[in-house]
Amino acid sequence: MINSKFDIAYLKMAREWAKLSYCTRKQVGALIVKDRMIISDGYNGTPSGFENQCEDAEGNTHWYVLHAEANAILKLAGSTQSAKGATLYLTLSPCKECSKLVLQAGISRLVYVQEYSDGEGINFLKNHGIEVLRIPESEL
């Protein structure tokens, strides 16, 4: 599949959204778009009410930090919108745990920039009919 000018624009916006994260090791941004409307957004970070510190003294990410796509999906769950048939834009491909959320939310397309260290999440989505497109940083 060929990317569109909208894919590029939404990924650039997701990249800006990632800058809102307090995480120092990796900042990740997510947008959920349906019918060319942003219906949710998210970035990786701690749950509401927690201190905004994602890593411990050794630089390891705390287990309770939420990934950007999980935050966007959870935010959407509290609204009147539906992710069914939507596109998820991510600055980093989803882990296997988040890929289950993506599938369950009804998202039909994923566009991302960087590869997560474990490719199982992407394989899972492809094997379950989700359209997946990677646009490298050099094309943004």
Side-chain angles (χ1 to χ4, degrees):
M1 161 179 217
I2 297 172
N3 62 55
S4 73
K5 65 181 181 179
F6 293 102
D7 290 334
I8 301 289
Y10 288 127
L11 281 178
K12 286 180 177 179
M13 292 170 74
R15 204 168 46 183
E16 287 300 311
W17 214 247
K19 294 176 184 176
L20 296 172
S21 173
Y22 288 92
C23 298
T24 54
R25 216 178 105 231
K26 180 70 85 175
Q27 293 180 309
V28 182
L31 292 177
I32 300 176
V33 177
K34 189 173 182 180
D35 300 323
R36 289 204 192 139
M37 263 192 313
I38 298 169
I39 59 172
S40 192
D41 53 54
Y43 52 87
N44 58 323
T46 58
S48 298
F50 280 55
E51 61 179 272
N52 288 321
Q53 189 172 350
C54 299
E55 296 87 8
D56 62 21
E58 288 81 41
N60 299 311
T61 303
H62 292 296
W63 67 268
Y64 49 80
V65 169
L66 291 160
H67 290 182
E69 59 273 37
N71 269 327
I73 291 167
L74 289 167
K75 186 176 183 179
L76 189 61
S79 76
T80 58
Q81 294 287 331
S82 165
K84 192 162 187 67
T87 298
L88 171 62
Y89 292 91
L90 277 172
T91 58
L92 182 68
S93 64
C95 69
K96 56 189 170 190
E97 292 300 316
C98 287
S99 67
K100 293 186 291 187
L101 298 176
V102 171
L103 180 68
Q104 193 68 17
I107 291 167
S108 61
R109 185 168 180 259
L110 167 69
V111 182
Y112 70 98
V113 182
Q114 293 180 312
E115 298 280 351
Y116 185 69
S117 58
D118 178 357
E120 284 190 59
I122 289 294
N123 292 336
F124 174 82
L125 292 173
K126 287 178 178 177
N127 290 336
H128 287 87
I130 306 297
E131 182 183 329
V132 176
L133 174 65
R134 178 173 184 236
I135 300 177
E137 190 75 39
S138 61
E139 294 183 29
L140 297 183

Under 4.5 Å between side-chain heavy atoms, hopping through other hydrophobics if needed: is there a path connecting Leu103 to Ile39? yes
Asn127 side chain to Asn123 backbone, donor-acceptor under 3.5 Å: yes
Donor-acceptor pair, side chain of Asp118 and main chain of Glu120, under 3.5 angstrom: yes
On a heavy-atom basis, the closest approach of Cys98 and Ala70 is SG-CB, 4.2 Å
For Phe6, give me all partners under ring-ring contact (aromatic ring centres under 6.0 Å, His included), at least two apart in sequence or on another chain. none
Sub-4.5 Å side-chain heavy-atom contact between Ser108 and Glu131: no
Linking I/L/V/M/F/W/Y whenever their side-chain heavy atoms sit closer than 4.5 Å, directly or via other members, would Val113 and Ile38 fall into one cluster? yes
Donor-acceptor contacts under 3.5 Å from residues 84-94 side chains, at least two apart:
residue	atom	partner	partner atom	Å
Tyr89	OH	Asp7	OD1	2.7
Thr91	OG1	Gly29	N	3.0
Ser93	OG	Tyr116	N	2.7

Nearest heavy-atom approach of Tyr22 to Cys54 is C-SG, 4.1 Å
Has the side chain of Thr46 got a donor or acceptor atom that lies under 3.5 Å from a matching backbone atom of Glu51? yes
Can any side-chain N or O of Ser21 pair as donor or acceptor with the backbone N or O of Ala18 at less than 3.5 Å? no
Please tell me if the side chains of Ile122 and Leu110 come closer than 4.5 Å, counting only heavy atoms from C-beta onward. yes
I want to check something: taking the side chain as every heavy atom from C-beta on, are Leu133 and Arg109 in contact at a cut-off of under 4.5 Å? yes
Only one of Lys26, His67, Arg25 forms a side chain to side chain donor-acceptor pair (under 3.5 Å) with Thr61, so which one is it? Arg25
Please check this pair: side chain of Glu69 against backbone of Val102, looking for a donor-acceptor N/O pair closer than 3.5 Å. no
Membership question, hydrophobic clusters at under 4.5 Å side-chain separation (ILVMFWY): are Leu76 and Ile130 in the same one? yes
Could you pull out the closest heavy-atom pair between Tyr43 and Asn71, with the gap in Å? O-ND2, 2.8 Å
Asn52 atom CG, over 12 foreign heavy atoms within 6.0 Å: yes
ILVMFWY cluster, Ile32 and Leu125 together (side-chain gap under 4.5 Å): yes
Interatomic spacing from CD in Gln114 to CD in Glu137 - rounded to 0.5 Å: 6.0 Å
Same cluster (ILVMFWY, side-chain, under 4.5 Å), Leu140 and Leu31: yes
Quick one: are Pro47 and Leu66 in side-chain contact, heavy atoms under 4.5 Å? yes
Taking NZ in Lys34 as the centre, count heavy atoms belonging to other residues, nucleotides or ligands within less than 6.0 Å. Is the count above 12? yes
Closest non-hydrogen contact found for Glu58 with Asp56 is N-OD1, 2.9 Å
Which heavy-atom pair separates Arg134 from Glu115 by the least distance, and what is that distance? CD-OE2, 3.3 Å
Of all pairs that satisfy ring pair (Phe, Tyr, Trp, His ring centres under 6.0 Å), the ones with a partner from residues 121-140, not counting sequence neighbours: Phe124-His128
Nearest heavy-atom contact between Ile73 and Ala105 is CG2-CB, 4.1 Å
How long is the gap from CD on Glu16 to CG on Asp41, to the nearest 0.5 Å? 13.5 Å
